[in-house]
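Worksheet: the structure to be examined is printed underneath.
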2 protein chains.
Amino acid sequence: MPLGQKTGDSRYCGVETQFEDDIAKLLASNINGCFDFILPPLMDPTYRPSLASNENGAGVPPFSGSDLVLSPSQWSSHVVGKISSWIDLDSEDQVLRMDSEITLKQEIAWASHLSLQACLLPPPRGTSCANYARCVNQILQGLNKMQLWLRVPLEKSDNDAMEGDTNHLSGGPVDSWDCWNSFRVLCEHHSQLSIALDVLSSLPSGNSLGRWFGEPVKSAIIHTNAFLTNAKGYPCLSKRHQKLLVEFFNHSIQIVISGGPVHNTSTENVPTNYIDGKFLKACSIFCIDGHPLRSYLDYIGHLYQRMDPLPEQERFELSYRDFLQSPLQPLMDNLEAQTYETFEKDVVKYSQYQRAVSKALMDRVPDEDACTTTTVLMVVGAGRGPLVRASLQAAEETGRKLKVYAVEKNPNAVVTLHSLVKLEGWENTVTIVSSDMRCWDALRKLIYWYVSELLGSFGDNELSPECLDGAQRFLKDNGISIPSSYTSFLQPVTASKLYNDVKSHNDLVQFETAYVVKLHSVAKLSPSQPVFTFSHPEHSTKKSNQRYKKLRFEIPSDTGSAMVHGFAGYFDATLYKDVHLGIEPSIATPNMFSWFAIFFPLRTPICVRPDSPLEVHFWRCCSSTKVWYEWCVTSPSSSAIHNCNGRSYWVGL
Amino acid sequence: MPLGQKTGDSRYCGVETQFEDDIAKLLASNINGCFDFILPPLMDPTYRPSLASNENGAGVPPFSGSDLVLSPSQWSSHVVGKISSWIDLDSEDQVLRMDSEITLKQEIAWASHLSLQACLLPPPRGTSCANYARCVNQILQGLNKMQLWLRVPLEKSDNDAMEGDTNHLSGGPVDSWDCWNSFRVLCEHHSQLSIALDVLSSLPSGNSLGRWFGEPVKSAIIHTNAFLTNAKGYPCLSKRHQKLLVEFFNHSIQIVISGGPVHNTSTENVPTNYIDGKFLKACSIFCIDGHPLRSYLDYIGHLYQRMDPLPEQERFELSYRDFLQSPLQPLMDNLEAQTYETFEKDVVKYSQYQRAVSKALMDRVPDEDACTTTTVLMVVGAGRGPLVRASLQAAEETGRKLKVYAVEKNPNAVVTLHSLVKLEGWENTVTIVSSDMRCWDALRKLIYWYVSELLGSFGDNELSPECLDGAQRFLKDNGISIPSSYTSFLQPVTASKLYNDVKSHNDLVQFETAYVVKLHSVAKLSPSQPVFTFSHPEHSTKKSNQRYKKLRFEIPSDTGSAMVHGFAGYFDATLYKDVHLGIEPSIATPNMFSWFAIFFPLRTPICVRPDSPLEVHFWRCCSSTKVWYEWCVTSPSSSAIHNCNGRSYWVGL
């Protein structure tokens, strides 16, 4: 029974169990106890291949029952297989190593046979996990759809620092993230290798926790001794644990409860038949209060129920989360009606434009001249007219007189524009120009202002600079542009999901393309920094739209090391004076939905440690036919230069 | 005129010159002065695009003459273009940066038009060279066959450490190798990007120098002030410089002399017409003594002439240097007659075998039993009979009686074997068994010894362990094997040439294959370490031919950082007691030519710093049909596991 439903999306909770010969009974007792799935060892933990005599059943490994004891759908919906936790593939003891390899392969083969959705791999021991990774990597090559969840403790462990291992430069305790990172790099970022986080009573810093939300965490295992006790003796969690769980819910991470009950909840709720760590008999076919971990489950359910519902916009964007889209080519291609439709609905955006035009009108035309002075304004890329409307509303609001030239290159949009003008009775104020503003040449120096909405997620990436260069010819010498300037921003991110999606194409072109994406399962490793700024109008004689920027990011020292899979890009635009518009997270315009972020991937993710800054270079390059970005990393180590000569990704002029 | 000819291979010497409008005159004066090529600036060094007026010749850049002033073959054979040394693509000054980019692209385009073989790029300035690399990388994509030689000073420079750059963890002076490494990684190891080393008066340590011989160094520019003065006032070089030059000659690196004459050689040799750094008039059509740098050239020529000639074997192997070959599949395929022919010529190898058999015979059979005791020996994989011959010679030498079973699976070799036995009259001593030793089953427990030569460059890589396991059944309980054991060795190497050859296939399979190769342009970064050992016979009940080894290499601290492109592999075998045979460099059997080394590439080369050890894992994996290696690096950073499940490279059983 799910924890509850929010916005059509259920969250489940499982329970880690001991080995049990009779898995049907084990499942029944726990499902009836309201857990959604169980996480039992698949094989008798005392089994060792090297000690096994062939007498018992002619070499049949001691699995928990045959495949027939549960139905196929029970196996796949309600059981996650737990791989024997005694295995140690990096032991110095060769017999143990060989036993571990045989057992691991037997168990995974068995779990595949049962079509389980996932198996839980025990955590790597110590700092060296190469042989474990080699074995798992071999398994992954031929695996069906099953996920392998590598169990990783969510804390820095001091265990191995004692062993005099000089492998780690820091000399400090081993960070479990490093172990995970080594493991997944050895396994080539395989998409079926994911993480089950072990949540214990102490938690690392917020920055350190944050890294994991860019990693493929599928499950969080909460130990009962991570719970506190509330005034009534019931389990509860610390504020930080609560916050973490909410994040888990937000990221569709399944919760598993592990360990025995450590709270004496009141007698009416404690099952009397809980003996020797097993709870069996009293379970009926319905959910009852009898499961010994019921109070923990209830608390988890309570946290889930208590969550604020998603805002409507977020709910609308759920299906876009972490879904890579190629950026538009608005200059080369004509947008479709549906696209106009979507973008025109962004009320917030146009009200910002209206505010900007209003302010500019008030500045330009004193009250006393309101009736006599007409401002000539050109909407550059008018589309189906939303900026025309916003401008006219600004004129009305301020009582100023306006004449509008609406320039639009898409002949299909011009059709709509004409009917809009007719419908609204704007014939005397609005002149429609069906032309590319870079070619049109009629109104030289007659325009006071131009207003445009040519910005992409990364500001200049839809060639606003080149378009406005074309429009600048029409502008009076003291004319202005709305927006008056815009700046792109970048920040390094952990984004294993996006990286794997890019990688799945197995093609250089994909690794050298920037994608528009609603970022969700992403860890932002450092505040974003400004990259390229364009101001309009630009009267400099040496004007160039080429840009080069070197950025240096520092990872906060309490983060630990982190993997940079690429860069999240944003923009912020100054429309007029203090009226701005943008998606840079720290200053984003609220409730605007026209832009998702942009994502620049790295062909080879780069591991960054807090003590060595990440140095990144971005270029905006221009030729006579196209504009493109190139990018690279030079510290802590150099990457290849991505998208050389725009070979993979470019925007056509 | 070449410095001289050795073993059919010429070495040339060039000279760096100033800019000269009349390049024909410049070339004539220097060629007549006995240099083979000149290295002049292609463009007037005072030219700056941003300052150029379009008046002079309507925007024609001030190149040194038109393409017609020299013949096409003169351009390509005698001129290496020097790119303007004032360019600075990473300057903070945007105008200088743009001027630099324009000039660089103009000059390279001009040099391509002239079909020059190479251009010399000025050294990167400072620690940051990303924009320079980006521009060169763009150029490389569309370049004809021309090489770009990046000028790199052969010393640690302290220049940039002063600028408060915190980029380098060490905090010490900037190592020019790091700069080169960053540049070439940014340019994706492009095969047309190579190095011209600037050799100055001081030299870094031998280990630091050694790194460069695994890098694509095409030219060494020796500055006149790097020369010392001998008793007669003539230029000469320090012992270390001499040694370095000999290495340059050995690696086909072209020498260029740079700078003005700083030695007052006796008056009869000094040209009287040397004025203002230019030497022009006195040159005749023949080589004369008049060139102001003639004494430097003579000294370089003298060093070259003085070199020891290559030993015959090295000369024979010249064409194999750094040439990748796929390892043999001797079990699956039958060798050809030519292959037998080649290997049988290895006198040293068979004399080692003869020594081993002799010693073993003396040990087993006391003098008093020499006439009565017959030793039964099986040659496992007899081929066309060289080991049969060596064994019989050992018997004759020691006066012991021998009976030989020659087992060979290749029916074609058996034909030769039969005629050999007939020819030599060995019918009573030698029994030929035409069978795979793994299948044959006639002589159980009758054999005292078996002798085999089944080793590959990496010892067990031609499946000697599996073959001898098969042969072991025939062996008496106290029987022995010659070889009694063998061990493989590995060491990390810089090998840019090999890496680029592997990369050129643009295929994962090539990156996961081990190659047999005569290593030459390779820098060995750390002494080799033993990997897998096999001993025969092996009576253990838990016997397995699977192996796993973790190796940790330290790079000497005076090396500086270095690129590991992969691992060189060797073997050493103990034939009998102290008689060994092998190719591990420090203990290699001299004058043996049957084996080249083996090379295991890395898909992504790993940069290793002296303070962080290189941790490497190698596995020998076995299935019922094949044997393969997997390998990976886990420190300083993790690589992917190479050749998972033997997907790319395996040896069939």
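Naming: A, B, ... by sequence-line order, numbering from 1 per chain.
Contacts between C621(B) and chain A at a heavy-atom distance below 4.5 Å involve the side chain alone, from C-beta outward. Interface remark: Q138(A) contributes backbone and side-chain atoms alike to the contact with chain B (heavy atom separation under 4.5 Å). Heavy-atom distances place no part of R184(B) under 4.5 Å from chain A, backbone and side chain included. Only the side chain of D90(B) comes within contact range of chain A, with at least one heavy atom under 4.5 Å from a heavy atom of that chain. With a threshold of 4.5 angstrom between heavy atoms, S637(B) does not approach chain A through any atom at all.
For the atom pair OH of Y548(B) and CG of L89(A), the computed distance is 9.5 Å after rounding to the nearest 0.5 Å. In this structure, CG on N131(B) lies 8.5 Å from CD1 on I641(A), to the nearest 0.5 angstrom. Note: Q546(B) CD to E101(A) CD = 6.5 Å, rounded to the nearest 0.5 Å. Annotation: the span from I139(A) atom CD1 to N645(B) atom CG amounts to 9.5 Å, rounded to 0.5 Å. Atom NZ of K550(A) sits about 6.5 Å away from atom CD of E92(B), to the nearest 0.5 Å.
For N144(A), the CG atom counts as densely surrounded, since its 6.0 Å shell holds more than 12 non-hydrogen atoms of other residues, nucleotides or ligands.
Between chain B and the residues C129(A), C644(A), C607(A), the largest count of heavy-atom pairs under 4.5 Å involves C644(A). Interface check for chain A: of the options L186(B), T604(B), V185(B), V633(B), the most heavy-atom pairs under 4.5 Å are formed by L186(B).
Note on E188(A) versus R603(B): salt bridge recorded, some NZ/NE/NH1/NH2 to OD/OE distance being below 4.0 Å.
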The test is side chain to side chain contact (heavy atoms under 4.5 Å, CB included); show your working for C632(B) and R134(A) and say whether it passes. CA-CA 9 Å; C632(B) 73; R134(A) 193 260 318 163; over 6 Å; no

Any chance you could lay out the side chain to side chain contact (heavy atoms under 4.5 Å, CB included) test for H617(B) and S128(A), step after step, and finish with the verdict? CA-CA 10 Å; H617(B) 304 256; S128(A) 184; 4.0 Å; yes

